[in-house]
Amino acid sequence: MGTAVFYLVAAVGVVSAIAAMAHRNPVVNVLSLVVTLFSIAVSYALLGAEFLAAAQILVYAGAILVLFLFVVMLLGAPAEPDAGESRPFQRTAGLALAALAAAGGAAVVAAIHAAAPAGALRGTAQALGVMLTGEYLFAFEFISVLLLAALVGALVLVKRKH
Amino acid sequence: MTIPTSNFVILAAILFAIGAAGVLLRRSGISILLGIELMLNAANLALVAFGRQHGQLDAQVFVFFVMAVAAAEVAVGLALLVAIFRKQQSIDVDRLNVMRW
Amino acid sequence: MWAEIIVSAAKVLVIAGTVLTLVAVMEWVERRGAAFIQDRLGPNRVGPLGLFQPLVDAVKLLFKEDLTPANVSRGLYLLAPMISVTVALMTFIVIPFGAGGDITIFGARLGGLIVAPDLGVGVLWLLAVGSLGVYGIVLAGWSSNNKYSLLGGLRSSAQLISYELSMTLAVLGVLMASGSLNLEQVVARQGGQFWLGAIPQWNVVPQMIGCVVFVVAVFAETNRLPFDLAEAETELVAGYHVEYSSMKFAAFLMSEYMNMVTASALIVTLFFGGWTFPGMGRFSGWPLLVLSLLSFGIKLAFFLWLFVWVRWSLPRFRYDQLMRLGWKGLLPLATLNLVWVGVAMTMGWIR
């Protein structure tokens with residue numbers, strides 16, 4: 001049951017990821033990425049990270065990608081100009097590097113010993129909350145400073161000078 | 001029955017490669033940001049999978065932090081794109097070849 | 001095993017059926033209520049008091065010509081209403097509608113009228129799925145290839161993101177006081193006991209500010225007047241659904257009403273004690289189930305009426321006013337509420 005769900009989700013995720021990167025319409029790109037992020041959320045749930053699954057949908061699909069969509073619409077969904085193969089090496093190099101990344105992943109997989117997972121820990125909100133406010137308190141507080149800085153930075157960047 | 005960790009890692013590797021290809025090949029600033037998001041997510045998935053392999057929750061805490069950083073990154077990145085679009089009427093990164101204007 | 005599946009399926013059917021029926025009822029209430037507030041009669045031709053008006057409307061919408069304009073982005077244009085309805089239907093599975101207690105059916109424990117009692121993330125699910133509703137509206141606005149639609153979609157995406165912050169912060173206060181994400185726990189903590197012997201321990205009493213912020217934010221999230229900037233008939237014709245007709249238009253209308261039902265149920269559950277009622281300790285089994293449903297229904301009906309009441313009483317906000325209210329009004333208030341709950345809990349003023 002779980003395995004079947006995983007394969008279905010993985011297939012959907014990969015196909016929509018390709019669409020998210022390859023399609024020429026920016027709106028379709030953003031929406032395909034939403035589907036991919038959904039499939040990753042389901043993967044989190046399969047891994048027992050239920051809080052992360054909900055946070056994934058809430059943060060990524062519900063906020064970050066809506067922001068993308070907002071900007072795409074604000075800029076009038078600019079179609080990408082034809083590359084015109086002005087720099088053919090770019091495409092070759094890009095695909096080669098991507099292949100390298102995939103190969104690296106495969107190498108890691110090959111290096112994993114076929115040990116069974118050490119018990120599925122349920123990543124409940126409570127368990128994560130205890131860690132966030134205990135062991136990782138400093139990092140947690142620092143993230144809020146980072147978010148504030150990003151907020152101020154974004155505002156300064158888009159502010160029109162009068 | 002549990003799904004082996006390697007399945008998740010392979011999925012993460014494929015997604016990461018697709019994201020990397022997108023960042024390297026696309027010219028529109030939005031697509032490049034989307035590719036970065038995809039790569040971050042692939043890395044997150046691998047982290048959670050490895051965390052389960054070792055029976056630790058620390059990986060999930062880390063993923064939580066990555067999400068927060070990604071949100072900050074997107075806010076600034078998109079603000080940059082909007083600012084660039086206002087100057088150049090284009091978000092083609094190939095046309096961003098001047099240091100100041 | 002099978003008994004549990006049957007009980008779960010029955011719960012889904014009963015609750016989905018109730019929500020969809022409520023949509024039809026609310027359409028009638030809205031039109032009659034509007035007429036009452038504006039001192040008119042309203043629809044009264046079809047059936048007693050015009051009660052069959054929703055049926056007639058549904059038939060009318062079904063048989064209208066289903067038009068797809070020429071220059072729309074076809075796939076997304078068709079997808080948008082589906083997203084809206086699906087999201088609206090998915091949200092209410094974590095809301096407890098009534099007390100199941102110790103009732104067993106065919107050997108399976110009923111365990112409360114809630115579709116997904118064991119979902120650990122509880123209210124987080126509701127916030128997560130609810131935040132997806134914006135896609136339906138934004139896509140409808142963009143794919144219609146119409147500048148009014150696009151403006152409606154843009155407005156609503158900014159509005160939903162802005163008000164989601166205040167809404168989530170208001171919910172956080174309740175979650176802090178309850179110590180659980182599970183809405184059944186939230187309800188259970190509010191029932192049974194009294195302050196000063198008479199005031200039920202509902203969250204609305206210690207968290208009045210949070211409750212007000214939540215109600216206002218929920219009005220904005222459901223795109224209802226006075227915050228229906230996304231459709232704003234007087235400026236944007238009909239906003240994001242200008243180009244939709246027949247059942248596709250009805251889908252948007254239905255999802256709006258379903259969101260209203262979910263939002264009201266959420267207000268009741270989070271701040272007004274859910275299905276609990278004074279003196280419920282004296283009942284158990286089936287009487288408790290019926291009475292708790294009744295209690296929930298009465299509270300729900302009040303807030304549904306509040307939606308109608310506000311819609312026909314207040315004029316629409318201007319867009320800059322809306323944004324100012326969201327960011328400079330509600331957000332600081334919600335933060336204040338959160339701080340207050342934290343302080344009160346530390347000092348032991350509230351459990």
Side-chain angles (χ1 to χ4, degrees), chain A residues 2-3 6 10 13-14 17-18 20-21 26 29-30 33 36-37 40 43-44 46-49 52 55 59 64 67-68 71-72 74-75 78 80-81 83 91 94-95 97-98 101-102 105-106 108-109 112 117-121 123 127-128 131-132 136 139 143 146-147 150-151 153-154 157-158, chain B residues 1-3 5-22 24-28 30-31 33-35 37-38 41 44-45 48-49 52-58 60-61 63-65 67-76 78-83 85 90-92:
Chain A
T3 318
F6 172 77
V14 169
I18 293 173
M21 290 299 113
N29 287 345
V30 175
L33 197 64
T36 305
L37 297 182
I40 291 181
S43 303
Y44 286 163
L46 288 174
L47 284 165
L52 280 188
V59 174
I64 294 184
L67 208 58
F68 267 105
V71 169
V72 166
L74 200 68
L75 305 186
E80 191 165 342
R91 177 156 298 180
L95 285 175
L97 281 171
V108 170
V109 172
I112 293 176
L121 277 177
L128 284 192
M131 294 187 87
L132 277 177
Y136 292 95
I143 281 289
L146 176 76
L147 285 173
L151 186 68
L157 276 173
V158 293
Chain B
M1 89 156 263
T2 53
I3 305 157
T5 307
S6 55
N7 282 16
F8 290 100
V9 179
I10 291 171
L11 175 62
I14 294 173
L15 290 179
F16 189 90
I18 295 171
L24 292 168
L25 296 180
R26 296 299 300 262
R27 288 145 179 259
S28 132
I30 287 181
S31 297
L33 279 182
L34 285 176
E37 288 307 307
L38 185 53
N41 270 283
N44 280 354
L45 180 58
V48 177
R52 186 192 63 161
Q53 178 77 23
H54 292 288
Q56 285 182 333
L57 277 181
D58 299 60
Q60 298 190 16
V61 175
V63 168
F64 181 78
F65 286 140
M67 279 185 192
V69 173
E73 169 241 316
V74 165
V76 176
L78 288 177
L80 272 173
L81 277 186
V82 171
F85 187 81
S90 160
I91 47 167
D92 184 350

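Within every chain, numbering begins at 1; the chains are lettered A, B, ... in the order of the sequence lines, protein sequences first and strands thereafter.
We find the CD-CG distance between B/Gln60 and A/Leu132 to be 10.5 Å, quoted to the nearest 0.5 Å. Note that CG of B/Asn41 and CD1 of A/Ile40 are 4.5 Å apart. Values are rounded to the nearest 0.5 Å. The CG atom of B/Asn7 sits 10.5 Å away from atom OG of A/Ser43, with the distance rounded to the nearest 0.5 Å. Here A/Phe68 contributes atom CZ and B/Leu78 contributes atom CG; the two are 5.0 Å apart, rounded to the nearest 0.5 Å. Interatomic distance, B/Met67 CE to A/Ile64 CD1, rounded to the nearest 0.5 Å: 8.5 Å.
B/Ile14 touches chain A through its side chain: at least one heavy atom from C-beta onward sits under 4.5 Å away, while N, CA, C and O do not. Contacts between B/Phe64 and chain A at a heavy-atom distance below 4.5 Å involve backbone atoms as well as side-chain atoms. Interface remark: A/Ile18 contributes backbone and side-chain atoms alike to the contact with chain B (heavy atom separation under 4.5 Å). In this structure, the portion of A/Leu37 lying under 4.5 Å from any heavy atom of chain B is its side chain and not its backbone. For B/Ala70, the parts lying near chain A are the backbone and the side chain together; criterion is any non-hydrogen pair under 4.5 Å. For a residue to count as touching a neighbouring chain, one of its non-hydrogen atoms must lie under 4.5 Å from one of that chain's; by this rule B/Leu11 touches chain A with the side chain only.
Interface check for chain A: of the options B/Val76, B/Leu81, B/Val48, the most heavy-atom pairs under 4.5 Å are formed by B/Val48. Looking only at heavy-atom pairs under 4.5 Å with chain B, the residue among A/Gly153, A/Ala55, A/Ala139, A/Gly13 that has the most is A/Ala139.
The side-chain heavy atoms of A/Leu47 and B/Thr5, taken from C-beta on, include no pair separated by under 4.5 Å. A heavy-atom distance below 4.5 Å is found between the side chains of B/Leu38 and A/Leu33.
Between A/Phe6 and B/Phe8, the distance separating the two ring centers is shorter than 6.0 angstrom.
Minimum heavy-atom separation, A/Ala17 to B/Leu15: CB-CD2, 3.6 Å. The minimum heavy-atom distance linking A/Ala154 with B/Ala75 is given by the pair CB-O, 3.8 Å. Taking every heavy atom of both residues into account, A/Met21 and B/Leu34 meet most closely at CE-C, 3.8 Å. Considering all non-hydrogen atoms of both residues, B/Ser31 and A/Asn29 come closest at OG-ND2, 3.5 Å.
In this view, A/Tyr44 satisfies the ring-ring contact (aromatic ring centres under 6.0 Å, His included) rule with no residue, not counting sequence neighbours. With sequence neighbours excluded, the residues satisfying side-chain contact (heavy atoms from CB on, under 4.5 Å) with A/Ile143 are A/Leu146, A/Leu147, B/Phe65, B/Ala68, B/Val69.
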